[in-house]
Amino acid sequence: MKSKPVEKKRKARDEESDSESDDELGNGLFDGVLEASEDEEDYIPSDEIDDGDSESEASEGSEDTEEEDDDALLSDDIPSDVEGDDEMGKLSKGAEELEITEPGVDPKPKHQEEEHRNYRIEKDANGGERYIYDEIDPVYDSDDSDAQGPVNTIGDIPLSFYDSYPHIGYDINGKKIMRPATGDALQSLLDTIEVPKGWTGLTDVNTGNPLNLTQEELELVRRVQHGLVPDEGYDPYPDTVEWFTSKQETMPLSAAPEPKRRFLPSKNEAKQVMKLVRAIREGRILPYKPPEEREREEEEKEEVQFDLWQDEEPAAPNPMHIPAPKLPPPGYEMSYNPPEEYLPTKEEREEWEKTDPEDREKEFLPQKYNSLRKVPAWGTLVKERFERCMDLYLAPRVRKNRLNIDPNSLLPKLPSPAELKPFPTVVQTIFRGHEGTVRSVAIDPVSFPCSNICMTNADHQQTGVALATGGSDGTVRVWELLTGRQVWSVRLSSEDPVYAVRWRPTKDAFILAASAGEDVFLMVPTHSSVTPTLDQASRDVLAAGFGYATNGQQPAAAPGKEPAGKWARPGTKLEDAGVLVRVTVRSAVKVITWHRRGDHFATVSPEGQRSSVAIHTLSKHLTQIPFRKLHGLAQTVVFHPLKPLFFVATMRTVRCYDLQKVELVKIVQPGAKWISSLDIHSGGDHLIVGSYDRRLLWHDLDLSNRPHKTMRFHPKAIRAVRYHKGGLPLFADTSDDGTLQIFYGKVPNDQLESPTIVPVKQLKGHKVVNQVGVVDIDWHPREPWCVSAGADGTARLWM
Amino acid sequence: MDEPMNDAPGAQVKVTFTTNEADLQLPEEKRQLLVPADIRRYGLSRILNSDLMLDSGSIPFDFLVNGSFLRSSLEDYLNSEGLSLETNLTLQYVRSLIPPVFEASFEHDDWVSSVDVLTSTSPAGRWSGDNFSRGQERILSASYDGLLRIWNASGEVLVTSPSASHGGHSASIKAAKFISSSQLASTGMDRSIRVWKYTDSGASGQAELKPTLELYGHRASVDSLEVDGPSKRILTASADGSVGLWSTSKSTSPEADPSLLPNAHTSKRRKITSSITTPQRGPLFLMQIHNAPATAAVFDPRDRTVGYSISQDHTVKTLDLTTGSVVANLTLSHSLLSLCAIPRSGGAPLLAVGTSARHITLVDPRASAATTSVMTLRGHTNKVVTLAANPENEYSLVSGSHDGTCRIWDLRSIRPASGGETEGGMGNVSEPVYVFERESRAGKKKTVAGEGAKVFGVVWDKELGILSGGEDKKVQVNRGRDVVKE
């Protein structure tokens with residue numbers, strides 16, 4: 001608005017220049033007018049300057065007009081810019097308006113208009129003169145922003161709202177703007193096919209007509225799209241016009257001589273100087289401050305230094321605050337005068353220089369200076385500081401919660417092994433004689449808890465004097481336990497190793513069972529404990545079943561089906577040696593387990609598929625296969641010491657069967673990958689399982705199917721596990737690493753307490769042969785002694 | 001302590017000599033003496049033997065200082081104990097134990113389980129009295145091959161017992177003892193005790209060994225046998241837990257239990273038929289008193305009606321042999337494997353008990369004794385399976401163990417047990433005075449668990465010394481008669 005009249009005037013001039021073909025002439029006229037009326041002093045050498053001046057002059061002039069304009073606006077609320085609005089111009093032609101606007105026009109343009117009249121004078125209703133102006137063509141440069149003002153006043157709502165109406169909106173006067181007539185469908189189709197020039201496909205909101213762009217508008221859009229200055233002719237970077245330069249003109253602007261005052265001393269200055277001189281003389285100004293005053297000032301100065309953080313209270317560090325990690329303290333090599341050994345050798349120096357700075361182990365090379373004074377400035381200080389800052393800034397710092405707990409306090413409180421004596425500690429007897437691995441050991445006889453009852457028998461046979469071993473050489477040997485003297489030996493097989501030897505656990509007979517290949521042999525070894533009576537009794541026990549078999553009471557095997565086990569006499573040679581019965585099953589027997597009463601024994605032949613577990617009845621010479629099918633390979637079996645329960649260990653699980661009700665009672669899952677051995681506590685509620693994957697697992701059968709404790713003490717597979725059956729809280733395992741691990745395992749009387757398990761001793765001594773270490777173990781029935789069977793061909797008594 | 005005084009060449013220590021031996025008492029005024037500080041046992045011994053002191057010739061003495069033998073110079077001892085040179089040392093002088101020297105080995109065919117000697121000073125020699133001809137020492141060895149051998153002192157086998165088919169043992173012999181110069185008893189794994197008649201017709205004559213009596217009653221291997229000549233009694237301990245008392249005379253023995261006789265049942269087993277029929281008798285008493293194998297039984301050295309038995313069930317039982325009843329019962333903490341009675345001047349003997357826990361416990365069997373376990377002797381590394389007391393005194397004994405060593409112990413050298421050594425034993429502790437190993441293993445590497453060198457039997461005789469038999473199939477003779485010189 002402010003510069004509008006100016007613009008108007010310029011427009012008018014442009015118009016005028018447009019209308020006139022001769023620019024120069026027009027300018028010349030203007031110049032003349034302006035010069036005459038305005039500043040006389042300035043010499044304007046060029047047209048351009050004149051132009052600028054005329055503009056400024058015009059703007060000066062416009063100030064007045066504007067003020068008047070404002071007054072007019074205040075006096076009358078009808079807007080003055082009616083000229084810009086052609087429609088408005090058409091609609092309202094109030095004479096007053098024109099009267100009012102007239103004074104806004106400069107007299108000079110008026111004067112100019114005398115010659116180029118852009119209006120015509122008409123008579124108005126009152127008979128006065130009325131100027132009718134031409135329509136102003138709003139060219140691009142025009143500031144007439146109102147010209148393109150919106151005519152449709154419906155605002156920023158979609159035009160589709162008016163689809164159902166004949167009009168498309170309302171103009172500023174509230175009149176309906178009718179929808180322009182549109183062609184029929186064919187026409188619109190043709191329009192889409194023959195795209196007219198400037199077609200956009202849009203509808204002009206204001207008119208409802210298709211919005212077409214003119215060539216100029218398209219050019220404008222294109223320029224805007226290309227990021228160019230929208231006006232084609234505009235040069236944003238014109239050459240600088242150096243109005244005032246350092247160039248010395250030949251003709252100075254003024255040739256006036258230097259005024260005299262330039263050569264005279266300034267009186268005013270002299271006055272000022274005299275004032276200072278006087279002050280110095282009077283002592284009001286001192287060349288220096290008196291000392292006391294200086295001190296006072298210094299004190300004041302010091303006092304002025306205030307502590308920015310004086311009011312700050314030491315707050316507890318933010319819990320999320322992580323202090324920056326400290327740099328490592330400097331070492332000797334960082335000294336300016338390090339000891340000689342820290343100085344790099346020539347090779348080291350070369351290597352250091354050769355390597356890429358990023359790959360260097362050290363950032364610097366130690367250097368020696370004789371004195372601190374010779375140390376140069378540290379060249380990479382800024383770089384180092386910068387990298388330190390980068391480290392601090394970029395390195396993520398994570399708060400780690402560190403528990404401040406004494407690790408020892410997390411360990412369970414276990415009694416020390418010294419308090420848990422007795423347990424075996426050293427090897428005391430070595431039983432040497434087997435060629436190849438000793439596969440199995442058994443101390444005579446395994447005493448089950450019922451042995452206390454058996455002790456009351458008239459026959460006071462003592463246990464724990466005879467040791468039986470079976471070896472890879474196919475022999476079974478009986479030894480005197482303490483001295484290691486072999487007292488009996490028999491060769492059961494020339495090819496097959498004796499995998500298992502087990503004493504019959506009752507004292508009415510002295511019977512040893514041993515397996516070689518598919519055969520299980522029952523024998524009465526010659527031993528000092530075998531009195532003629534006992535010998536006879538043992539033979540009777542073994543022979544009893546033969547009569548049973550001949551009596552035909554044995555259930556006949558299905559015709560064409562191989563019986564589960566064939567009971568026979570082994571032949572005179574073996575019978576002379578004391579081997580009295582041979583039971584042949586379908587595949588090689590690896591494990592023999594006696595029932596506590598001594599009438600039944602179970603055998604396991606892991607390769608035996610369906611018939612891998614067999615239960616044999618001694619008194620009937622009967623072999624039964626209790627399981628139609630087994631889940632996995634049977635590894636070992638064990639009878640419950642008190643109840644008619646039977647545990648079968650397959651590779652992964654231990655299943656507990658009730659033999660009376662013939663049902664599955666429980667499945668124990670030790671979590672081992674391959675169970676090797678199994679033993680049950682004499683109380684019957686606890687189970688230990690050894691596995692080839694190095695684990696020893698203690699199960700509380702009442703508590704859970706999962707292990708109560710898992711122990712890994714061996715680097716190699718566990719071969720055998722065994723509880724002490726004579727009342728001592730001991731158990732042991734043997735491993736392929738050639739060691740035995742003795743554990744203290746106290747089962748509390750109280751059901752609620754958990755058992756105490758303490759590893760007390762590792763027994764070393766067996767040699768590892770072909771990756772096989774200690775194969776079997778048996779405990780002495782009373783004492784804390786155990787016998788181990790090793791792959792090195794020895795059995796060892798530990799006590 | 002004044003250091004320069006220590007280094008002075010003429011440093012002297014004031015000592016007081018005492019002794020418990022009545023015949024070697026010093027006069028009161030001679031007991032205090034100043035001796036050079038660097039003097040050792042030998043010097044002290046010579047001082048004591050000198051004319052001015054005991055005038056006893058050349059008795060080697062050992063000196064006990066605070067219960068341990070003096071093994072260095074007095075000065076070193078004082079330094080090690082942190083005592084001043086001005087301390088008045090009390091030296092108890094005792095007759096010296098001389099290291100036993102290997103003398104001979106007698107080769108056998110199989111392991112030697114037991115050894116006994118017949119000399120004029122051995123019990124059998126004393127019992128036989130005039131019948132025993134002096135100068136004819138005999139050595140009896142029992143072997144695992146089931147044979148008894150009798151040797152003379154120069155290592156020649158005079159006679160070997162007949163084989164099983166001629167009246168001998170049908171299994172290994174575990175123990176054998178001379179009853180008199182003409183009678184001996186043996187027992188073993190065939191559960192029988194055999195009494196033999198031994199006739200020895202002099203140095204060149206034909207010695208003969210004839211079975212006279214077979215005694216049956218035990219149901220398992222008989223591991224120990226003790227004899228009493230005058231009363232003709234045999235005391236045995238068997239692995240069946242029983243202790244048997246037997247008579248050596250056929251007439252006084254009851255009939256044997258027929259079921260225990262070897263041919264009681266006709267079985268298909270190869271029968272051992274003996275061409276010689278020997279009378280078979282049973283026990284006077286068979287005391288089923290132990291819950292585990294009885295390992296040894298001995299007579300009381302003074303009162304032959306009292307016996308002591310031990311077992312693997314950890315008990316020591318005092319037996320009244322006239323009635324066959326248990327008088328007292330003592331429970332120790334380990335399996336007991338060997339026993340010997342050391343006579344004491346005042347009443348009941350001291351029992352030395354070898355255990356499976358590698359030590360020897362000395363037990364006072366009297367019911368009135370305040371402490372049952374008097375002393376523990378440590379040093380063996382394996383089961384102590386045989387013990388023999390020194391026949392000449394009441395304070396030393398020899399033990400044989402499966403670790404392949406025999407150790408000589410002096411009960412006078414004692415020290416109180418420290419805290420860490422309370423395991424398995426109580427009271428005072430002692431270390432062996434001498435250790436000797438099997439000569440056959442000399443120079444060889446020591447085996448684990450004494451394999452190949454186990455000692456099974458040991459006997460200490462006044463004249464022949466210490467004889468031990470073992471797994472190396474040898475009877476080894478070590479000079480023991482000077483070990484404690486009279």
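Within every chain, numbering begins at 1; the chains are lettered A, B, ... in the order of the sequence lines, protein sequences first and strands thereafter.
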Determine the minimum heavy-atom distance between A:L482 and B:L337, stating which atoms define it. CD1-CD2, 3.6 Å

Does a donor on one side chain sit under 3.5 Å from an acceptor on the other, for B:K174 and A:S528? no

Looking at CG of B:D257 and OG1 of A:T531, how far apart are the two atoms once the value is rounded to the nearest 0.5 Å? 9.5 Å

Value for OG (B:S335) from CD (A:E783), rounded to nearest 0.5 Å, stands at 3.0 Å

For a quick test of reading the model, state the closest non-hydrogen atom pair linking B:W111 to A:G484 and the distance between them. CH2-O, 3.7 Å

Max heavy-atom pair count under 4.5 Å with chain B, selected residue of A:T425, A:V427, A:T483, A:T572: A:T483

So, the part of B:S113 with a heavy atom under 4.5 Å from chain A: the answer is neither

Scored by heavy-atom pairs under 4.5 Å with chain A, the best of B:H402, B:H314, B:R191, B:M189 is B:R191

Side chain to side chain, A:V426 and B:T381, heavy atoms closer than 4.5 Å: no

Heavy-atom side-chain contact between B:K383 and A:T429 under 4.5 Å: yes

If you define the side chain from C-beta out and look only at heavy atoms, does anything of B:R219 sit under 4.5 Å from A:T533? no

Hey, which residues of residues 789-798 of chain A are touching chain B, say heavy atoms under 4.5 Å apart? A:R796, A:L797

Return yes if a side-chain donor-acceptor contact under 3.5 Å exists between A:Q486 and B:Y144, otherwise no. no

What are the two closest heavy atoms between B:S356 and A:Q428, and how far apart are they? O-OE1, 4.1 Å

Side-chain contact, heavy-atom cut-off 4.5 Å: A:R485 with B:E471? no

